[in-house]
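To start, the structure itself, in structure tokens.
Since the model is a prediction, treat every value here as computed from it, not as a measurement.
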Amino acid sequence: MLTNVRRRLLAAAALSLLTVTAACGGGGATESTPAPGPSALTGAPVTISFWHGLGGAAGKALQEEVDRFNASNADHITAAAVFQGNYVDTLAKYTAAVRDGSTPDVLMANDVSTGFLHDAGQTVPAAEMAAANPADLHLDDLRPAARGYYSVGGKLLSVPFNTSMPMLYVNDALLARAGVDKASLSTIDGLVASARQLHTALPDVYGFTNPLADGWWYEQLTAAAGTPYCTPDNGRGARKVEALSLNAPAQHAALAAVTSLYTDGVALNPGGNNEASMSAFTSGKVAMMLSSSGGIGTINASGMTGYSALPLPLAAATGGPLLGGASLWVDGPGHDPAHQLAAWKLLTFLDSPQAQERFSHASGFAPVNAKVDDSPTQQAYLARNPAQAAVIDQFTKAPANSATAGCLSGALPTIRAGVVAAMDGAFAGRTPLDTAITQAQDAAATAIKNYNEQVGR
Amino acid sequence: MTAVTAGRALRWVALLVLCAVVAFPTYVTLATAFLPPRDVAAGALLPDPSHLTLDNVTNALDAVPLLHQYLVSAAVVVVQAGAQLVTASLAAYALVFPPWRGRRTAFALIFATLAVPGESVVLPNVETVSALGLRDTVLAVALPYLCVAYPVFLLRQAFSTFPREVWEATRLDGAGHLTCLARFVVPIAAPQLVTAGLWSALAAWNGYFWPLLITDSTEHRTVQVGLAQLVAGEPPTGVVYAGTLVVLLPTLVLVLLGHRFLVRGLAARLT
């Protein structure tokens with residue numbers, strides 16, 4: 001409940017922030033001041049602040065990388081990394097900081113906050129920082145799918161840092177008992193047929209499950225169908241997002257097929273509790289589960305062996321997985337060129353192949369820097385961890401287009417909430433799918449309209 | 001006779017069921033905190049005593065400086081709850097004893113602040129406290145909550161039962177207002193003061209969003225923010241439960257020691 005209160009507060013704060021920035025003519029990501037070049041750092045010591053939302057093992061691994069940066073960099077830069085609550089809390093604190101001019105030099109924000117931060121216009125686009133500092137981070141080294149997610153109009157806004165991928169986890173023994181061939185699981189149709197085959201052969205076992213309370217999965221089924229979730233073009237072109245679209249033929253077919261698994265009792269509906277999917281899978285009550293690549297650590301910790309991680313089944317040739325995770329933003333207004341460049345040096349370090357490899361092994365997130373693949377220690381690690389190897393294989397092959405980039409709108413968190421609420425009725429069999437789709441689209445239309453009006457478009 | 005026995009038995013069963021429902025989450029926290037992850041994943045709710053381990057607690061304390069943040073939280077509790085008791089006593093005294101025009105309106109205004117959601121004043125508070133130059137200090141965590149309405153309400157009700165003639169007599173004897181409050185009113189209202197103090201202390205200990213917003217460094221943070229850091233992005237493992245237990249412990253102790261006063265305070269509100 002507290003979280004809901006904070007979400008509402010965040011929404012209110014975010015809108016008031018947009019009003020402030022719009023009133024000051026600062027709306028949009030275009031900065032009036034150019035990104036600072038190498039001359040901005042004069043050798044004098046600089047201390048930069050870095051707000052993030054990573055706790056637990058990932059937070060510890062991030063702190064270790066920041067410590068390494070502080071010990072090693074030749075520019076006398078000291079980065080002070082501070083945990084600011086989970087992603088929602090961090091963004092709430094950030095919006096408060098914009099109002100009193102105390103934003104950090106570097107902000108970590110999760111995937112769904114990208115549209116909002118783009119509109120807030122408080123940051124310097126990563127593409128401009130990279131262009132002004134060719135000796136630092138090479139954006140071409142970052143995997144195309146990761147760059148696609150955080151880009152608008154082909155311009156990278158922030159630097160992807162920790163990424164996860166959707167994976168299909170399967171229980172090898174149960175599949176063998178039901179005679180399901182893993183090769184048939186590369187398409188949504190194959191997945192649905194296999195789930196039915198599993199449940200028929202093994203009536204005590206559910207064929208499939210996924211965390212329904214997480215709006216990410218409806219976006220995954222859409223990206224798998226190669227269609228944009230928001231129109232026009234997921235907001236990745238010149239025009240802003242105007243509507244949510246769940247009725248493209250391939251997308252609708254994928255949604256309908258997965259819904260039928262739930263209404264027919266073939267799939268386990270975890271309700272609002274995403275952990276229930278995971279524990280049902282690790283205890284062998286469910287044969288197949290769509291979940292984030294972050295789940296590998298949880299499955300291994302449960303002691304489960306004999307499972308495989310497969311790529312997201314697709315519903316169209318142009319389809320692909322949609323990434324999740326967070327990216328790093330360099331703050332512009334209120335931060336002098338030396339601090340902006342120092343921030344960029346930190347990002348260059350954190351996205352370097354060495355740091356990305358270490359962070360990936362410690363946290364379970366997939367490395368965004370493709371050069372990590374050349375490292376012998378990484379190759380040895382992947383040989384020992386086939387599930388992680390499958391994640392990286394999918395990440396590397398993921399097509400980068402506007403469908404797999406996902407919906408870029410500051411209204412996305414609200415859209416997600418509306419979609420989850422509406423689709424919950426469809427999966428439980430209370431609402432016909434097409435009614436649920438209409439409800440979700442209507443709720444999204446209101447959310448997008450309100451948001452766009454606040455931003456002044 | 002049998003009907004009475006059956007009724008008693010039924011009441012006991014109902015009580016036991018209620019206790020089990022209420023105690024279950026605490027029990028799971030306790031068991032998960034002291035068991036290796038594999039036992040928990042296997043659903044072993046009746047713990048094997050030979051498997052009990054302190055690893056989770058050690059790991060939790062190692063991941064986040066919870067012990068240091070404990071001290072910060074303790075300081076916040078002392079300052080915040082102490083100040084609330086002082087300001088609430090003064091306000092309640094002024095609202096009950098000396099006759100002055102507008103005291104009913106004043107009470108209504110104080111009472112009305114209970115209806116204002118705390119979250120709605122958070123952003124202006126950030127701006128004010130930052131402007132005072134107190135951002136990222138322990139004092140800033142307590143500052144907006146030095147005076148709140150609920151203890152005022154609680155103590156006003158308690159003070160109202162104090163015989164007015166006695167107050168008038170002490171005043172006629174030449175006692176000042178502060179003397180009256182400290183020497184005569186407070187001793188009689190001691191149980192309600194404990195109730196108000198417990199309420200204030202629990203609220204101060206459990207604060208999360210404000211301490212997170214107004215502090216920027218780990219060493220000025222309260223233990224609830226530290227716990228959030230332990231939890232963020234992690235599945236609920238033994239380490240998370242161990243941290244929860246560490247943070248929960250003072251609350252449990254306070255409630256166990258003070259439950260008589262809490263119940264009395266609640267009952268007093270009804271009269």
TODO: Could you pull out the closest heavy-atom pair between A96(A) and L213(B), with the gap in Å?
DONE: CB-CD2, 4.4 Å

Task: By ring-ring contact (aromatic ring centres under 6.0 Å, His included) - contacts of W217(A) (at least two apart) - done: none

Open item on the list: Less than 4.5 Å apart, side chain to side chain, heavy atoms only: is that true for R135(B) and D100(A)?
Closed with: yes

Task: Heavy-atom side-chain proximity of D216(B) to K93(A) below 4.5 angstrom - done: yes

Open item on the list: Is any side-chain heavy atom of V82(A) closer than 4.5 Å to one of R221(B)?
Closed with: yes

Open item on the list: Counting only heavy atoms not in Y206(A) (residues, nucleotides, ligands), do more than 12 fall under 6.0 Å from its OH?
Closed with: no

Open item on the list: So, using ring-ring contact (aromatic ring centres under 6.0 Å, His included) as the criterion, who are the partners of H52(A) when residues are at least two apart?
Closed with: F50(A)

Open item on the list: Quick check: closest heavy atoms across D89(A) and Y208(B), and the distance to 0.1 Å?
Closed with: OD2-OH, 2.6 Å

